[in-house]
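To start, the structure under review is shown below, and the notes come after it.
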Amino acid sequence: MRDNPHGLEEIKSIVLVGNPNTGKSVLFGELTRQFAEVSNYPGTTLLLSEGWMADFVVIDTPGVYGLYSSKEEEVVRQAVEASGIVINVMDATNLERGLWLALELLETGKTVFNVLNMWDEVETTGLVIDVERLGSLLGTPVFTTVAVKGVGIKELVGAITSHMEAPAERSLSQTADFSLDDALGTSELSSSGTAEATLSRRQRIEDILEGVLVRVPERRGLADVLSEIMIRPLTGVPLALAILGGVFYLIGAFVAQDLVAFTEGVIFQQIYEPAVRLIVGSVLSGPLYEIIAGEFGVLTMTVTYVLGLLLPLVFAFYVLMALLEDTGYLPRLATLADRTFTAMGMNGKAVIPIVLGFGCVTMATITTRMLDKRRERTIAIALLALAVPCSAQMAVILVLLAGLGFIYWALYGGILLGVFLLIGGVLSRIIPGERSAFMYELPKLRLPQWRNVLRKARFRTRIFITNVFPLFFLGALFISVLLVTGALGAAQQALHPLVTGWLGLPPEGATALIMGFVRRDFGAAGFFHMALTPIQAVVGMIVITLFIPCIASVMVIHKEMGLKGVLGILGFTLGTAFLTGGIIYRVLTFFLGG
Amino acid sequence: MNLTEVPSGRKARIESILDPVTRDYLLRLGIVEGSTVECVQRMARGPVVVRKSSLELSLGRRVAERILVSSVGDDP
């Protein structure tokens with residue numbers, strides 16, 4: 001962060017406030033040229049992010065509907081109180097929803113700039129809004145923007161800058177002498193719902209709407225029809241399966257095989273690795289050569305896996321996820337999934353962290369903050385740690401199972417889904433606590449903007465790769481040291497009864513498990529060079545998937561749930577992994593033959 | 001009757017929102033006692049999706065059961 005350019009003077013700050021899905025984070029990006037997480041579903045901005053616009057601090061806040069009802073709204077209210085200027089971002093196509101917050105903000109006495117974002121959609125749907133009238137009814141200027149295309153930003157920035165530079169004109173809102181205490185007093189009453197203030201605010205919204213909505217189109221657009229198809233179970237369930245199946249097919253068949261065959265197989269294994277071996281081999285030999293350029297070498301395997309295998313896969317997955325997020329499909333999926341997730345002690349909202357977990361379990365674990373109750377979070381985190389393979393791990397698994405044919409893919413997927421549902425149901429029964437009410441706004445379906453999709457995928461991939469590199473590096477180092485010191489052999493010996501006897505895997509399977517402690521995908525990669533029977537491949541993949549989460553996830557779980565929580569999760573995933581693996585080995589051998 | 005009893009495609013008038021948290025949430029979205037909403041989709045033992053102008057909202061079973069409504073329009 002930059003130094004305060006005003007020295008001891010108070011930093012002038014601007015806070016961005018608005019309902020969920022109004023484009024605050026995109027606007028934040030436009031104002032500060034920084035990236036804030038953007039998605040077309042509520043709950044993306046879980047923390048405040050800060051950026052700079054010229055000499056002013058800009059703060060992005062989570063989407064809220066008001067200022068006085070929840071913990072999240074409390075955070076936003078404090079940010080508003082601490083700021084000089086408030087930008088209230090409203091969805092122009094859904095003015096009624098935004099006005100409640102707009103009125104509450106005006107009542108705080110702060111200088112408020114109201115922004116009608118997504119103005120292009122107003123024009124295309126045939127809605128007519130009298131913006132000038134709205135400005136005079138609210139007593140503050142109203143701007144129209146299309147943040148995703150950068151339209152209207154210059155005018156907004158110009159107005160804010162000139163206001164900031166002319167402090168004499170203290171407040172643009174109509175009641176500058178309105179004290180904060182009064183505002184708080186009124187609004188606290190308002191949250192009781194019966195208070196007169198609430199009704200009068202409601203009445204004022206009706207009056208404003210009557211005054212400014214010149215024309216409201218009746219006809220239903222294509223988006224509404226599509227939305228209904230998505231949430232009607234008869235059409236929605238097959239569609240959901242097709243969409244998710246399509247995502248994994250694209251990743252599994254195209255990226256994991258064709259593209260990776262080139263990036264990993266050609267660029268790294270045929271060109272890069274031999275070159276490294278040649279160079280390192282000319283200087284070093286023995287154990288040091290083994291550690292640096294050997295089978296698990298830090299310059300050979302680490303670099304090849306991270307850049308040749310993970311980079312294309314993870315980026316592709318994040319692009320597809322970003323597309324799904326920005327269309328507004330996920331809240332509809334949450335609606336469809338609500339019943340199933342209710343049976344697992346959560347509500348439909350939990351489908352979002354779970355789906356995101358297929359991208360990166362670590363990030364998804366943080367996203368569970370969008371769930372309202374502690375119990376729901378615990379169950380979601382446990383299931384993420386247990387039965388959701390991240391894209392990196394999935395990639396390696398898909399490559400490994402690719403040669404075996406459809407039946408083994410189906411077996412792997414089916415067993416995983418079964419474990420997920422079964423364990424979810426069990427956790428729902430044994431973890432105490434209440435469940436939360438499912439109330440979820442379905443954002444309008446939109447065509448995603450490539451600019452935002454690519455920006456988001458690039459941003460997340462960078463975080464992922466920079467996090468993975470050191471861990472993979474240390475992991476490879478650790479394994480190589482075990483290898484050259486002979487400790488790996490001893491560990492294999494120790495794990496022999498479990499790995500060979502109980503799980504029916506070759507003795508080297510122990511190496512994969514030890515590697516799995518470092519990263520789960522790393523563990524799956526350990527099976528790469530082994531000659532496995534199809535049954536061994538399925539058992540190995542299931543065990544490595546259910547096995548303990550990667551180090552990065554463990555760190556996040558520790559942060560979210562404390563030491564007891566993380567130990568509980570580790571014990572639980574280890575136990576479930578070995579129990580399930582052993583059972584599957586026996587069942588599959590019985591039905592398919594050894 | 002409550003909101004879960006409104007067939008898909010029908011409109012209903014909100015009579016009473018029994019749960020204060022739900023009422024607070026809906027109030028700010030512009031749905032109050034007296035509002036008319038359209039039931040877009042009612043899932044068997046699942047949530048109810050309602051629409052009011054450009055707002056679409058998914059309400060869980062237990063939430064919808066505690067919203068009392070009366071039917072509006074062309075009921076038999």
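So that the names make sense, note that chain A is the first sequence line, chain B the second, and so on, each numbered from 1.
Taking all atoms of both residues into account, the shortest heavy-atom contact from A:Tyr65 to A:Trp100 is O-CD1, 3.4 Å.
Using a 4.5 Å cut-off between heavy atoms, A:Asn94 contacts chain B through both its backbone and its side chain. Of the atoms belonging to B:Thr22, heavy atoms from both backbone and side chain fall under 4.5 Å from chain A. Of the two parts of B:Ala44, the backbone and the side chain both hold a non-hydrogen atom closer than 4.5 Å to a non-hydrogen atom of chain A. At a 4.5 Å heavy-atom cutoff, A:Ile205 makes no contact with chain B through either its backbone or its side chain. Both the backbone and the side chain of A:Arg232 come within less than 4.5 Å of a heavy atom in chain B. Contacts between B:Arg45 and chain A at a heavy-atom distance below 4.5 Å involve backbone atoms as well as side-chain atoms. For A:Thr342, no part lies near chain B; criterion is any non-hydrogen pair under 4.5 Å.
Chain B forms more heavy-atom pairs under 4.5 Å with one residue of A:Arg97, A:Glu206, A:Met439 than with any other, namely A:Met439.
In this structure, A:Lys349 pairs ionically with A:Asp372, as a charged nitrogen and a carboxylate oxygen lie closer than 4.0 Å. B:Arg23 and B:Glu33 are joined by a salt bridge, as a carboxylate oxygen and a charged side-chain nitrogen come within less than 4.0 angstrom of each other. A salt bridge is defined here as a Lys NZ or Arg NE, NH1 or NH2 lying under 4.0 Å from an Asp or Glu carboxylate O, and A:Glu104 with A:Arg77 fails to meet this definition.
Between A:Met90 and the options A:Leu95, A:Leu101, A:Asn19, a side-chain contact (heavy atoms from CB on, under 4.5 Å) holds for only A:Leu95.
Under the salt bridge (charged side-chain N to carboxylate O under 4.0 Å, His left out) criterion, the residue pairs touching residues 121-131 of chain A are A:Glu121-A:Arg446, with sequence neighbours excluded.
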